[in-house]
Enquirer: 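First, the structure itself, so that you have it in front of you.
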Amino acid sequence: MADLKALSEAVIKGDQNTAVEITKAALEEGTSAESVLNEGLVAGMDVIGARFKKNEVYIPEVLIAARAMKMAMEILEPELVKAGVEPVGKLLVGTAKGDLHDIGKNLVAMMLKGAGFEVIDLGVDVTPEKFVEQAKSSGSHLIGISALLTTTMPGMEEVIKSLRDAGISAKVMIGGAPVTQAYADKIGADGYAADAASAVDLAKSLVA
Ligand code: B1M
């Protein structure tokens, strides 16, 4: 019987080889892809998220854990598709127009994948037009915008306005070092998160 507790431990430690081995073994033994995902991989990322929030681990540990999860997910994903396991929600994420910072955005995207979201990452310097076009074609439930520069923050408001003008009602969450809850309220965003772990809690509450 595959040890899903050991799988979550491997994710927590960022041990990608063990994470991949246990994932393969579990599927070969007939453990459902959903159990491998929820009891192994997501359980591990949940622990990392909680520790990150309490400052018990830092960005490098989160990135290493997320990489282990990503490697195991590559094996798991085709099985999840076959089994018809629905993601928790679909999220489109990108950095605001004119902004090239992506470390925080990537961390948020990884943690959300770890929490069972389907994440479509549009990258950096994303125009409002691209957000709208991709929101329409993907039917995402959530749009995430990251900005690290005070000069690119107004781009977030433009995205929200363009989405609403296009009749898209997907919830919008924002974040990034200069962003605050007050700013999110001001521009009509549905939520703000200060860090990647809080972004997961927020995204879950917005799709609930
Ligand atoms: Co730039 N940069 N940078 N930079 N850079 C800052 C942001 C700055 C604060 C440095 C400073 O002056 N002290 C400053 C901004 C000042 C301001 O406007 N307030 C600055 C500047 C001025 C610039 C340039 C203009 C410099 C220049 O060329 N003159 C230039 C702009 C380029 C552009 O974007 N057009 C520039 C360039 C760069 C690099 C390319 C060299 C590089 C980016 C590399 C990359 O991202 N691939 C870079 C870096 C690395 C930084 C610092 C040092 C680190 C940013 C970072 O990655 N932090 C930064 C100074 C600093 O913050 N100490 C700085 C780690 C990351 C994990 O945190 O992104 O905050 P953060 O993400 C957090 C949360 O904010 C939150 O969760 C994450 C994880 O907990 N979060 C979200 C983020 N996005 C979220 C989205 C959500 C929810 C939560 O929902 C969707």
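Everything numeric in this text was worked out from a predicted model, so none of it was measured. Just so you know, ligand 1 is whichever comes first in the structure, and atom 1 is the first atom listed for that ligand.
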Enquirer: For K82, is there an ion pair with E79 - N to carboxylate O distance below 4.0 angstrom?
Expert: yes
Enquirer: I'd like to check which ligand 1 atoms, numbered from 1 as shown, lie under 4.0 Å from a non-hydrogen atom of G144.
Expert: 91 (C)
Enquirer: Does atom 62 (O) of ligand 1 have a protein heavy-atom neighbour under 4.0 Å away?
Expert: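 Within 4.0 Å of atom 62 (O) of ligand 1, no protein heavy atoms are found.
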Enquirer: Does a side-chain heavy-atom distance below 4.5 Å link L4 with S35?
Expert: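 Touching, per the 4.5 Å side-chain cut-off.
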Enquirer: For ligand 1, is there an atom lying under 4.0 Å from some heavy atom of A194?
Expert: yes
Enquirer: Quick check: do F117 and K204 have side-chain heavy atoms less than 4.5 Å from each other?
Expert: yes
Enquirer: To check your reading of the model: name the closest protein heavy atom to atom 69 (O) of ligand 1, its residue, and the distance in Å.
Expert: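 Here the nearest protein heavy atom works out to L148 CD2, 3.3 Å.
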Enquirer: Among all protein non-hydrogen atoms, which one is nearest to atom 20 (C) of ligand 1, and what is the separation to 0.1 Å?
Expert: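 The closest one turns out to be L149 CD2, 3.7 Å.
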Enquirer: Can an N or O of A199 be found at a distance shorter than 3.5 Å from an N or O of ligand 1?
Expert: no
Enquirer: With heavy atoms of D195 as the reference, note each atom of ligand 1 found under 4.0 Å away.
Expert: 76 (C), 77 (O), 80 (O)
Enquirer: Quick one: does atom 48 (C) of ligand 1 have a protein heavy atom under 4.0 Å from it?
Expert: yes
Enquirer: Which residue owns the protein heavy atom closest to atom 35 (N) of ligand 1, what's the atom, and how far is it?
Expert: G98 O, 2.9 Å
Enquirer: Quick check on contacts: which atoms of ligand 1 are under 4.0 angstrom from a heavy atom of L107?
Expert: 79 (C)
Enquirer: Could you tell me whether atom 79 (C) of ligand 1 has a protein heavy atom closer than 4.0 Å?
Expert: yes
Enquirer: Are any non-hydrogen side-chain atoms of K90 and V207 less than 4.5 angstrom apart?
Expert: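 In short, these two side chains do not touch, never coming nearer than 4.5 Å.
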Enquirer: Are V126 and T95 close enough that some pair of their side-chain heavy atoms sits under 4.5 Å apart?
Expert: no
Enquirer: Do the side chains of K97 and T152 get nearer than 4.5 Å, heavy atoms only?
Expert: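 They are not in side-chain contact.
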Enquirer: Could you find the nearest protein heavy atom to atom 44 (C) of ligand 1 and give me its residue, atom name and distance?
Expert: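 Protein heavy atom at minimum distance: I103 CD1, 4.3 Å.
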Enquirer: Is atom 51 (C) of ligand 1 touching the protein, meaning some protein heavy atom lies under 4.0 Å away?
Expert: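 It does; a protein heavy atom is within 4.0 Å.
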Enquirer: Do any nitrogen or oxygen atoms of I59 come within less than 3.5 Å of a nitrogen or oxygen of ligand 1?
Expert: no
Enquirer: For K70, does the NZ atom sit with more than 12 other heavy atoms under 6.0 Å from it, leaving out its own atoms?
Expert: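 12 or below, so no.
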Enquirer: Which part of P178 is near ligand 1, with near meaning a heavy atom under 4.0 Å away: side chain, backbone, both or neither?
Expert: neither
Enquirer: For atom 89 (C) of ligand 1, what is the closest protein heavy atom, and at what distance to 0.1 Å?
Expert: A193 O, 3.3 Å
Enquirer: Quick one: nearest non-hydrogen protein atom to atom 19 (N) of ligand 1, plus distance?
Expert: T150 CG2, 3.7 Å
Enquirer: When only distance counts, is F52 in polar contact with ligand 1, meaning an N/O pair under 3.5 Å?
Expert: no
Enquirer: Shortest non-hydrogen contact from K136 to A166?
Expert: CE-CB, 4.3 Å
Enquirer: Between G94, A147, G104, A197, which one has a non-hydrogen atom sitting closest to atom 71 (P) of ligand 1?
Expert: G104
Enquirer: Does the protein put a heavy atom under 4.0 Å from atom 29 (N) of ligand 1?
Expert: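 No, no protein heavy atom sits under 4.0 Å from atom 29 (N) of ligand 1.
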Enquirer: Please answer: with hydrophobic residues joined when any side-chain heavy atoms are less than 4.5 Å apart, are I143 and L206 in the same cluster?
Expert: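 No.
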Enquirer: With a 4.0 Å heavy-atom cut-off (strictly under), which part of D125 contacts ligand 1: side chain, backbone, both or neither?
Expert: neither
Enquirer: Check each atom of ligand 1 against the heavy atoms of M173 and keep those under 4.0 Å away; list them by number with element.
Expert: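 In order of number, 90 (O), 91 (C).
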Enquirer: Closest by any non-hydrogen atom to atom 87 (C) of ligand 1: pick that one out of A189, G176, G175.
Expert: G175
Enquirer: Other residues, nucleotides and ligands only: do more than 12 of their heavy atoms fall within 6.0 Å of NZ on K53?
Expert: yes
Enquirer: If the cut-off is 4.0 Å to any non-hydrogen atom of D99, which atoms of ligand 1 fall inside it?
Expert: 34 (O)
Enquirer: Would you check the N or O atoms of S146, main chain and side chain alike, for any that come under 3.5 Å of an N or O of ligand 1?
Expert: yes
Enquirer: Under 4.0 Å between a Lys/Arg side-chain N and an Asp/Glu carboxylate O for K5 and E9?
Expert: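 Yes, charged N to carboxylate O under 4.0 Å.
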Enquirer: Heavy-atom count check: over 12 atoms from other residues, nucleotides or ligands less than 6.0 Å from E34 CD?
Expert: no
Enquirer: Starting from atom 34 (O) of ligand 1, what is the nearest protein heavy atom, named by residue and atom, and what distance separates them?
Expert: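 For atom 34 (O) of ligand 1, the nearest protein heavy atom is L100 N, 2.6 Å.
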Enquirer: Less than 4.5 Å apart, any side-chain heavy atom of Q16 and any of R67?
Expert: yes
Enquirer: May I ask you to identify the nearest protein heavy atom to atom 42 (C) of ligand 1, giving residue, atom name and distance to one decimal place in Å?
Expert: H101 CD2, 4.1 Å
Enquirer: Between L202 and G191, which heavy-atom pair has the shortest distance, and what is it?
Expert: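 Smallest heavy-atom distance, with atoms named: CD2-C, 3.7 Å.
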Enquirer: Taking C-beta and beyond as the side chain, do F131 and I168 meet within less than 4.5 Å on heavy atoms?
Expert: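 F131 does not reach I168 side chain to side chain.
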Enquirer: Any side-chain heavy-atom pair from M173 and L91 closer than 4.5 angstrom?
Expert: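 Side chain of M173 against side chain of L91, heavy atoms only: contact under 4.5 Å found.
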Enquirer: Does the N or O separation between D102 and ligand 1 drop below 3.5 Å for any pair?
Expert: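 Yes, D102 has an N/O under 3.5 Å of an N/O on ligand 1.
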Enquirer: Does the protein place any heavy atom closer than 4.0 Å to atom 13 (N) of ligand 1?
Expert: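 Protein heavy atoms within 4.0 Å of atom 13 (N) of ligand 1 - there are none.
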Enquirer: Is R164 salt-bridged to D190, going by a charged N under 4.0 Å from an acidic O?
Expert: yes
Enquirer: Please check if a non-hydrogen protein atom sits closer than 4.0 Å to atom 76 (C) of ligand 1.
Expert: yes
Enquirer: Is there a path of hydrophobic side-chain contacts, each under 4.5 Å between heavy atoms of I, L, V, M, F, W or Y residues, that connects L142 with L122?
Expert: no
Enquirer: Looking at atom 8 (C) of ligand 1, tell me if a protein heavy atom falls under 4.0 Å from it.
Expert: no
